[in-house]
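Notes follow once the structure below has been shown.
Residue numbers begin at 1 in each chain, while the letters A, B, ... track the order of the sequences. The structure presented is a predicted model; accordingly, all values stated were derived computationally and were not measured.
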Protein chains: 2
Amino acid sequence: MNNNYRKVSKEMMERLKKKGVRLTPQRLAVIEFLKVHKGHPSVDEIYYAIRRKYPSISPATVYSTLQMLKEMGEIQELHIRADKASFDYNPQPHHHFLCRICGTIMDVEVDCPIRNRKTIGGHKVEKVKAYLFGVCSECLKQESEAKESS
Amino acid sequence: MNNNYRKVSKEMMERLKKKGVRLTPQRLAVIEFLKVHKGHPSVDEIYYAIRRKYPSISPATVYSTLQMLKEMGEIQELHIRADKASFDYNPQPHHHFLCRICGTIMDVEVDCPIRNRKTIGGHKVEKVKAYLFGVCSECLKQESEAKESS
DNA sequence: TTTAATGTTATATTAATTACAAATGAATAA
DNA sequence: TTATTCATTTGTAATTAATATAACATTAAA
């Protein structure tokens, strides 16, 4: 496997090394894929993409690398799709939108009042996920174009 | 199976009948269970509970009934747990909290500004789910009691 | 270079969910 | 009432995401 991982940020590599994480080619490939493809991919999307350049990689490695990156606070895992997890290179909490037409998951900017709440109703809040569902702007455009031409 | 489903609301039965849904004993058992046990149960919790009184019921029936009730807008499905779905007798959108200690899912009251937004960033919003994670008030109490006595 | 520790791979397993065909049961028409 | 039709339920198999595990490979340290 080639070692050309210039796309992985020096800062992230520093942080991981400092925590004693060994930066293997497989792990770097996962990190690089997430950095370049910010479309919130699933495990098998990541796996098949890396596989094309690195046929020997195993799904188990992708799973374990994502697990590790999540525990290190470098990425976040989403469960916006009912059937499988999606991964976001950006670990900061933010809202996500899933289009029911094209299936795209995208970030949305929302000024959310509970984002920084430490407690709610007496419960200690450690993490917040907000998932929005509907039809994305692209698909809305296509819908209205189809209507016009009919 | 006995037909003693007084706990299922007349209004709901009316709405379903009006839509041509046949109110079989199995379906009424699922509805009744959800109404009485509002702890956001999973499919197998519903299945095993009903099974005790009605041994012949099949998981497939529970799945299909929940699917039907969701499509009819009578209940909502949550994906706050990573591995399996949870069901809420209340179809109105509201926030949910999952305790990482005891695993309980509970409703939380939050005055949410995106609840009634029809669009966000050009996307049409049809549904919103907000999941909060942390330690519930009960488990916090137990934690502090354990600390005091040590 | 040898040894120890860690990471990777392949495979098997688990568990939720879906698919489907056969059996059952309810509603309707004769 | 009985026969027919159609939807529902059941049991089973298939699918699929995710986890567990053991053998193998690689890296780091002695």
Side-chain angles (χ1 to χ4, degrees), chain A residues 1-3 5 13 16-33 40-72 75 77-87 103 105, chain B residues 1-3 5 13 16-33 40-72 75 77-87 103 105:
Chain A
M1 192 172 201
N2 79 59
N3 275 4
Y5 292 107
M13 289 177 73
L16 290 170
K17 268 187 185 163
K18 205 170 284 178
K19 288 174 182 167
V21 171
R22 202 181 285 175
L23 293 170
T24 65
Q26 291 90 335
R27 287 173 172 178
L28 290 166
V30 171
I31 297 169
E32 174 167 320
F33 183 85
H40 313 86
S42 63
V43 171
D44 63 279
E45 282 164 349
I46 299 166
Y47 166 65
Y48 283 108
I50 295 176
R51 211 166 179 259
R52 289 187 305 181
K53 284 198 170 179
Y54 189 12
S56 79
I57 199 167
S58 146
T61 302
V62 178
Y63 274 103
S64 86
T65 301
L66 292 167
Q67 189 65 31
M68 177 276 289
L69 291 170
K70 206 176 60 173
E71 279 162 14
M72 294 296 155
I75 65 171
E77 184 174 348
L78 310 178
H79 290 103
I80 191 167
R81 286 185 284 204
D83 56 338
K84 57 186 158 191
S86 310
F87 293 85
I105 298 168
Chain B
M1 192 173 202
N2 79 59
N3 274 4
Y5 290 109
M13 288 177 75
L16 290 170
K17 268 188 186 161
K18 205 170 284 178
K19 287 173 183 166
V21 172
R22 199 181 288 174
L23 294 170
T24 64
Q26 291 91 335
R27 287 173 172 176
L28 289 166
V30 171
I31 297 169
E32 174 167 321
F33 182 85
H40 313 86
S42 64
V43 172
D44 63 280
E45 282 164 350
I46 299 166
Y47 167 66
Y48 282 109
I50 295 177
R51 212 168 180 258
R52 289 187 304 178
K53 286 199 169 178
Y54 189 11
S56 79
I57 198 167
S58 148
T61 302
V62 178
Y63 273 102
S64 85
T65 301
L66 292 167
Q67 189 65 32
M68 178 275 289
L69 291 171
K70 206 177 60 174
E71 279 163 13
M72 295 294 154
I75 64 170
E77 183 174 349
L78 310 177
H79 290 103
I80 191 166
R81 286 186 284 204
D83 56 339
K84 58 186 157 193
S86 310
F87 292 85
I105 297 168

Could you check B/P59 against B/A82 and say which one's nearest nucleotide on DNA chain D is further toward the 5' end?
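The answer here is B/P59.
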
Closest-nucleotide 5' rank along DNA chain D - winner of A/Q67 and B/P55
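The residue closer to the strand's 5' end, by nearest nucleotide, is B/P55.
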
Using the side chain to side chain contact (heavy atoms under 4.5 Å, CB included) definition, which of the options A/T61, A/V43, A/I31 pairs with A/L66?
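For A/L66, the side chain to side chain contact (heavy atoms under 4.5 Å, CB included) check succeeds only for A/V43.
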
Check this one for me: any side-chain N or O of [X] less than 4.0 Å away from OP1 or OP2 of [N]?
X: B/R27; N: D/dT9; answer: yes
X: B/T24; N: D/dT9; answer: yes
X: A/Q26; N: C/dT9; answer: yes
X: A/R22; N: D/dA28; answer: no
X: B/S56; N: D/dT10; answer: yes
X: B/Y47; N: C/dT17; answer: no
X: B/Y54; N: D/dT10; answer: yes

From [atom1] of [X] over to [atom2] of [N], roughly how many Å is that when rounded to an integer?
X: B/K17; N: D/dT8; atom1: NZ; atom2: C1'; answer: 17 Å
X: B/L16; N: D/dT8; atom1: CG; atom2: C1'; answer: 15 Å
X: B/R81; N: D/dA17; atom1: CZ; atom2: C1'; answer: 17 Å
X: B/K84; N: C/dA16; atom1: NZ; atom2: P; answer: 5 Å
X: B/Y63; N: D/dG11; atom1: OH; atom2: P; answer: 16 Å
X: B/Y48; N: C/dA16; atom1: OH; atom2: P; answer: 9 Å
X: A/L23; N: D/dT27; atom1: CG; atom2: C1'; answer: 13 Å
X: A/E77; N: D/dT19; atom1: CD; atom2: P; answer: 8 Å

At 4.0 Å (heavy atoms only), tell me whether A/A85 reaches a base, stays on the sugar-phosphate, or touches nothing.
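Contact class for A/A85: sugar-phosphate only.
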
Which distance, rounded to the nearest 0.5 Å, do you find between the CG of B/L69 and the CE of B/M72?
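Interatomic distance, B/L69 CG to B/M72 CE, rounded to 0.5 Å: 8.5 Å.
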
Could you give the distance from CD1 (A/I105) to CZ (A/F87), rounded to the nearest 0.5 Å?
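That separation rounds to 11.0 Å.
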
Is the count of non-hydrogen atoms from other residues, nucleotides or ligands lying under 6.0 Å from B/K17 atom NZ greater than 12?
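Check fails, neighbour count at 12 or below.
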
Flag, side chain of B/R81 to backbone of B/S86, donor-acceptor distance under 3.5 Å
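No, the answer is negative, given that no donor and acceptor are paired below the 3.5 Å cut-off.
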
Nearest listed nucleotide, side chain of B/S58, among D/dG11, C/dT17, C/dA10:
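For the B/S58 side chain, the nearest candidate turns out to be D/dG11.
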
